[in-house]
Amino acid sequence: MSPRNIIIEPDPILRKKSEPLEQVTDDTRKLLDDMLQTMYAAPGIGLAAVQIGILRRVIVVDVSKKEEKREPIFFINPEITFTSKETSLFEEGCLSLPGYFAEIERPSKCKVRYLDYNGKQTELDAEGLLSTCIQHEIDHLNGILFVDYLSKLKKDMIIKKLQKQKKDIDKAIL
Ligand code: NI
């Protein structure tokens with residue numbers, strides 16, 4: 001297992017739609033293991049493959065609080081089959097937009113159908129933070145970032161600042 005580099009916005013790849021996997025193989029599991037490692041190292045509670053530059057419909061999530069008792073969930077080709085009318089607000093951040101947070105309103109419950117680590121078709125009912133996290137990660141697979149739910153003014157400001165930070169880092173490397 002090896003952690004990979006996380007792609008930071010603005011980057012055109014983060015706006016691309018990821019493709020489904022045809023089957024779950026050892027290579028898929030290697031990718032999932034690397035993604036989990038990358039997410040824990042960051043640290044974060046969710047990561048989509050596109051965030052490490054791989055345009056596949058694969059996400060990992062772990063909303064457990066304690067490091068000793070980790071509860072990773074791997075989702076391959078996840079599809080939301082139900083969302084509640086009732087919504088909730090969570091302060092969201094994203095490993096691809098480091099340092100920025102905003103309250104985002106999403107359906108509080110969702111049902112998601114996916115293939116698990118072993119390629120088995122599975123369905124999960126999620127609520128609370130897990131539900132928000134799954135919806136945030138599935139958005140990544142469709143090229144959507146949480147800032148897209150903000151006003152254009154706020155979104156542009158955040159992206160502009162991130163762009164400037166990236167330039168500063170490039171300069172430092174030179
Ligand atoms: Ni994210």
Side-chain angles (χ1 to χ4, degrees), residues 1-21 28 31-65 67 70-80 83 87-112 114 117 124 126-152 154-166 169:
M1 287 197 281
S2 39
R4 317 256 192 113
N5 283 335
I6 294 174
I7 294 171
I8 306 296
E9 170 77 350
D11 189 306
I13 196 168
L14 293 173
R15 297 312 190 162
K16 296 212 164 112
K17 205 172 144 91
S18 296
E19 294 295 325
L21 280 187
T28 316
L31 169 66
L32 288 166
D33 292 342
D34 282 0
M35 284 172 62
L36 195 68
Q37 190 85 346
T38 307
M39 184 188 85
Y40 285 145
I45 59 169
L47 188 77
V50 59
Q51 293 179 275
I52 56 166
I54 293 164
L55 284 165
R56 290 295 184 174
R57 301 188 80 79
V58 172
I59 65 179
V60 296
V61 167
D62 187 346
V63 296
S64 66
K65 298 215 168 54
E67 204 170 298
R70 285 176 161 167
E71 286 166 24
I73 315 176
F74 303 97
F75 299 85
I76 298 147
N77 301 342
E79 262 179 78
I80 290 180
T83 51
T87 60
S88 48
L89 274 180
F90 273 98
E91 176 115 317
E92 292 188 26
C94 179
L95 294 175
S96 293
L97 295 100
Y100 293 92
F101 300 89
E103 275 197 342
I104 306 291
E105 186 176 14
R106 297 184 189 267
S108 27
K109 293 180 185 167
C110 71
K111 198 188 261 282
V112 56
Y114 59 100
Y117 194 82
L124 176 78
E127 57 182 323
L129 180 59
L130 178 61
S131 170
T132 282
C133 189
I134 291 169
Q135 292 174 60
H136 173 121
E137 299 313 326
I138 292 178
D139 271 355
H140 275 298
L141 306 183
N142 297 318
I144 298 165
L145 299 173
F146 81 83
V147 286
D148 297 349
Y149 297 104
L150 304 177
S151 69
K152 191 178 180 305
K154 271 193 197 159
K155 174 181 162 175
D156 289 351
M157 188 198 72
I158 291 173
I159 292 176
K160 225 168 141 182
K161 284 188 181 165
L162 283 163
Q163 190 150 31
K164 192 178 172 296
Q165 281 169 26
K166 278 177 98 171
I169 291 168

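When a ligand or atom number is given, it counts from 1 through the structure's own listing order. Numbers here are sequence positions counted from 1.
Each of Ile138, Val58, Ile134 was checked for a side-chain contact (heavy atoms from CB on, under 4.5 Å) with Phe75, and the lone residue meeting it is Ile134.
Remark: the backbone N or O of Pro20 is paired with a side-chain donor or acceptor of Arg56 at under 3.5 angstrom. Side chain of Gln135 to main chain of Pro107: a donor-acceptor pair is present (N/O by atom type, distance under 3.5 Å, no hydrogens or angles). Put simply, the side chain of Asp148 gets close to the backbone of Leu145: a donor and an acceptor are under 3.5 Å apart.
We find that Asp34 and Arg4 are joined by a salt bridge, their nearest charged nitrogen and carboxylate oxygen being less than 4.0 Å apart.
For the pair Leu129/Lys65, no side-chain contact is recorded, criterion being any heavy-atom separation below 4.5 Å from C-beta on.
Excluding waters, the set of protein N, O or S atoms lying under 2.8 Å from the Ni ion (ligand 1) comprises Cys94 SG, His136 NE2, His140 NE2.
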